[in-house]
> 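What follows is a single structure, and I will ask about it in a moment.
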Amino acid sequence: MDKIKEFLKKYFSIIWSWIKKYWRRYQLTRWIIVVILSIMVLGSIYLTFIAKTAHVKNLESNLSRSTVIYDKSNAEAGKLYAQKGSYVSYDEISPNIENAILSTEDRNFYHEHGFSVKGFTRAFYLAIKNRVTGNHMISSGGSTISQQLAKNTLLSQQQTISRKFKELFISVEIENIYSKKQILTMYMNNAYFGNGVYGVQDASRKYFGVDAKNLPVEDAAALAGMLQNPSNNPIDHPEAAKSRRNIVLQAMADNQKIPENQLKFYQNKSLDTEDNLENENSYKYPFYFDAVINEAINEYGLTEKQIMNDGYKIYTNLDQQQQSSFQSDFKNPSLFPQNAADGTKVQAASIAVNPKNGGVQAVVGGRNNDVFRGFNRATDIKRQPGSTMKPLAVYTPAIENGYSYDSMLNDTKKSYGKDNYTPKNYNDQYSGKVPMYQALAQSLNAPAVWLLDKMGVNKGFDSVQQFGLPVTKKDNNLALALGGLSGGVSPQQMAGAYTAFANHGKMSKPFYITKIVDSTGKTVAEHEDNTTQIMSASTASEMTSMMMGVFNNGTGASAKPSGYTIAGKTGSTEADNSQDADATRDKWIIGYTPDVVVATWEGFDSTNTTHHLENLSGTGVNYLFKHQMQEILPYTDQTQFKTKDAATLYAEKNSNLVDSLDDTKGSISDKIGKFNQNVTEKAKSAAKTLYDDAKSFLGQ
């Protein structure tokens, strides 16, 4: 053992001598000081930048206002808020609440500039200790009111050393901009008191049934006691809440906020609760509001926390009449097929879009309980569109390439390519030849595939891309004519594509938000026009004339709203994993007028042998769609199409041809009659002249 000690001592001496030699030679002490000071300077610069760019100037206006969503007429449609209650001014808050909070949270609030050196040092020491021991967390405590306000409003709740430094610098910036009363007012209105309640006003109403300005000492102490642990509130844990309240009362006495001789009086009081908080549901249109939040995040770079808490004014395309009617329809089980045997609901989604600009006027994403920012089938599903793809992939490019609504198409059962792809009409019925408008209206599969093959698949594929649908190289085949995609589409994407037919060939990408204004009145985002001419106006008109037949005498006849003329297309897809020949996975119907495009999808979330729709013809969703259109069309401008049903155009064209032929026949007959008459009359005249001459010659 002694030898080991001598060995270590010897080599330690050698190493230490070497260290001292080079330490002095290279002046390492100075370099270490320089490095530490440089880190401190750079860190200070970085943290100052964070504080200066934290939008502290907008903090009061952000906290004092809820984010409001406005409809297309700029009328208020609802509010968004989280971590926010009813905001009240400093004068509307009882001094008892301030005294209780300061006695427990920050006694030196009025004598410090954003942070406490003693408290911060203690918190920093505990942070280092926890990091060394592997805890990687900082202990709570040591934060002033200003620091807590910075953490709760401008930072995450993640407990790290870096967040603690950011909190310190931002709290100093808060102190530079706002008065102590303003800071305390913001803190009291933003504090959390359990049960989803924020702010002293709502907490006073929730737990004690009075406004914050009327809260007595003992109840104010109870509120302050919840700040450390909101779960220990008078409703959920009355005994713990009372115990904590009495500790706060002791702190108030120690801080000379209540007389010492009244301490026992307050502590002996019972903790009585009364809930008079009215929970106003301002999230009236959950699917639409969810879509607005998603667009604000994805298109304009805001965070959910900013949207919910920073008092924005968000102007949208929402039509409250259409949205309300959609929501009512989706709550009416009589408009939907029966549930599956196990009770699983047939799901559905609908969206209404203004074809002139793409503004989404209404959206419902399912028949389910509302979940904040939950799954929205109108925007999120990826399902094959079935025959609703035919106008996009086949008939539009056909007309653009010289075909006409009355062009005759082959309607025969035929196989294509090496794989013998063989499309079949519903019920396997074929007529040999059929005009294009009739093939579309009756949703015949064989003529559509024949036409795409004759025209060239690439033309159909390019057309679908022009309509903005997400197709890949795998989709560049004849199955595209019938909506056979490797991926899928959403009702919103399909509605966007069909805006081109309703708007003279101009396609508009669906959108929700027209403008976002922050709490100070500054416009921070504004929608830019996203309309593209993807076909000629004449093609759009001819397509509309053909798609009017879908509702007049085609697959959508039972979906036609009474008294209105609409155009569009139905579609369905087979449930491949079912033995039932009529088993259907998806049903679609898309209809439009010059004022609105409505796309509706219906099906099960998961399709199998026990969860599928019936009737492959696609008529099952028609009843829902008809009801929807009859409710919203009376409130539109009721603009009329400037074309007729293709069947009517075809009849008129052929009628004119017959009349023309009849006119031609009559004209020829008249000419022949007149010619014969002239010949007869001249013959008679010539004969009479010859007779007279003969008599004269004979002397008679």
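Numbers here are sequence positions counted from 1.
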> Looking only at atom types and distance, does a side-chain atom of K515 sit under 3.5 Å from a main-chain N or O of K313, one as donor and one as acceptor?
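Judged by distance alone, no pair lies under 3.5 Å.
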
> Could you grab the distance from atom CD1 of I399 to atom OG of S541, nearest 0.5 Å is fine?
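With rounding to 0.5 Å, CD1 (I399) is 9.5 Å from OG (S541).
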
> To the nearest 0.5 Å, what is the distance between OG1 (T648) and CE (M548)?
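Spacing of OG1 (T648) from CE (M548) equals 8.0 Å.
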
> In Å, rounded to the nearest 0.5 Å, how long is the span from NZ of K79 to NZ of K284?
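Between K79 NZ and K284 NZ, I get 11.0 Å after rounding to 0.5 Å.
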
> Determine whether the side chains of Q306 and Y312 contain a donor N or O and an acceptor N or O closer than 3.5 Å.
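Absent: no donor and acceptor within the cut-off.
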
> Thinking salt bridges, do D595 and K356 make one under a 4.0 Å N-O criterion?
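So D595 pairs with K356 through a salt bridge.
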
> Indicate the ring-plane relationship of Y288 and Y512, choosing parallel, tilted or perpendicular according to the 30° and 60° boundaries.
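Aromatic pair Y288/Y512 classed perpendicular.
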
> Regarding S443 and K569, do their side chains bring together a donor and an acceptor under 3.5 Å, going by distance alone?
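Per modelled atom types, S443 and K569 side chains form a pair under 3.5 Å.
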
> Tell me whether the rings of Y650 and Y405 are parallel (<30°), tilted (30 to 60°) or perpendicular (>60°).
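Perpendicular: the ring planes of Y650 and Y405 meet at over 60°.
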
> Hey, could you give me the CG/CZ distance between L469 and F461, rounded to the nearest 0.5 Å?
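Reported value, rounded in 0.5 Å steps: 11.0 Å.
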
> Check whether more than 12 heavy atoms from other residues, nucleotides or ligands sit under 6.0 Å from atom CZ of F375, and answer yes or no.
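Buried by this count: over 12 neighbours within 6.0 Å.
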
> Return yes if a side-chain donor-acceptor contact under 3.5 Å exists between N425 and K413, otherwise no.
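Result is no, nothing qualifies.
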
> Kindly compute the distance separating CD (E304) from CZ (R373), expressed to the nearest 0.5 Å.
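Going from the CD atom of E304 to the CZ atom of R373 covers 5.0 Å.
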
> With sequence neighbours excluded, what pairs up with Y498 under the side-chain hydrogen bond (donor to acceptor under 3.5 Å, both in side chains) test?
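Residues passing side-chain hydrogen bond (donor to acceptor under 3.5 Å, both in side chains) with Y498: none at all.
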
> Rounded to the nearest 0.5 Å, how far apart are CZ of R367 and NZ of K345?
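It is 5.5 Å, given to the nearest 0.5 Å.
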
> Does CG belonging to D419 count more than 12 external heavy atoms closer than 6.0 Å?
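No, not enclosed.
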
> Given ring pair (Phe, Tyr, Trp, His ring centres under 6.0 Å), test F501 with F467 step by step and report yes or no.
CA-CA 11 Å; F501 300 122; F467 278 102; 5.5 Å; yes

> Going by side-chain hydrogen bond (donor to acceptor under 3.5 Å, both in side chains), name the residues that satisfy it together with K433, two or more places apart in sequence or in a different chain.
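Scan of K433 (side-chain hydrogen bond (donor to acceptor under 3.5 Å, both in side chains), adjacent residues dropped) gives N410.
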
> Under the ring pair (Phe, Tyr, Trp, His ring centres under 6.0 Å) criterion, do Y395 and Y403 qualify, and how do the steps go?
CA-CA 9 Å; Y395 297 117; Y403 286 84; 9.7 Å; no

> Other residues, nucleotides and ligands only: do more than 12 of their heavy atoms fall within 6.0 Å of NE2 on H527?
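More than 12 heavy atoms, drawn from other residues, nucleotides or ligands, come within 6.0 Å of this atom.
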
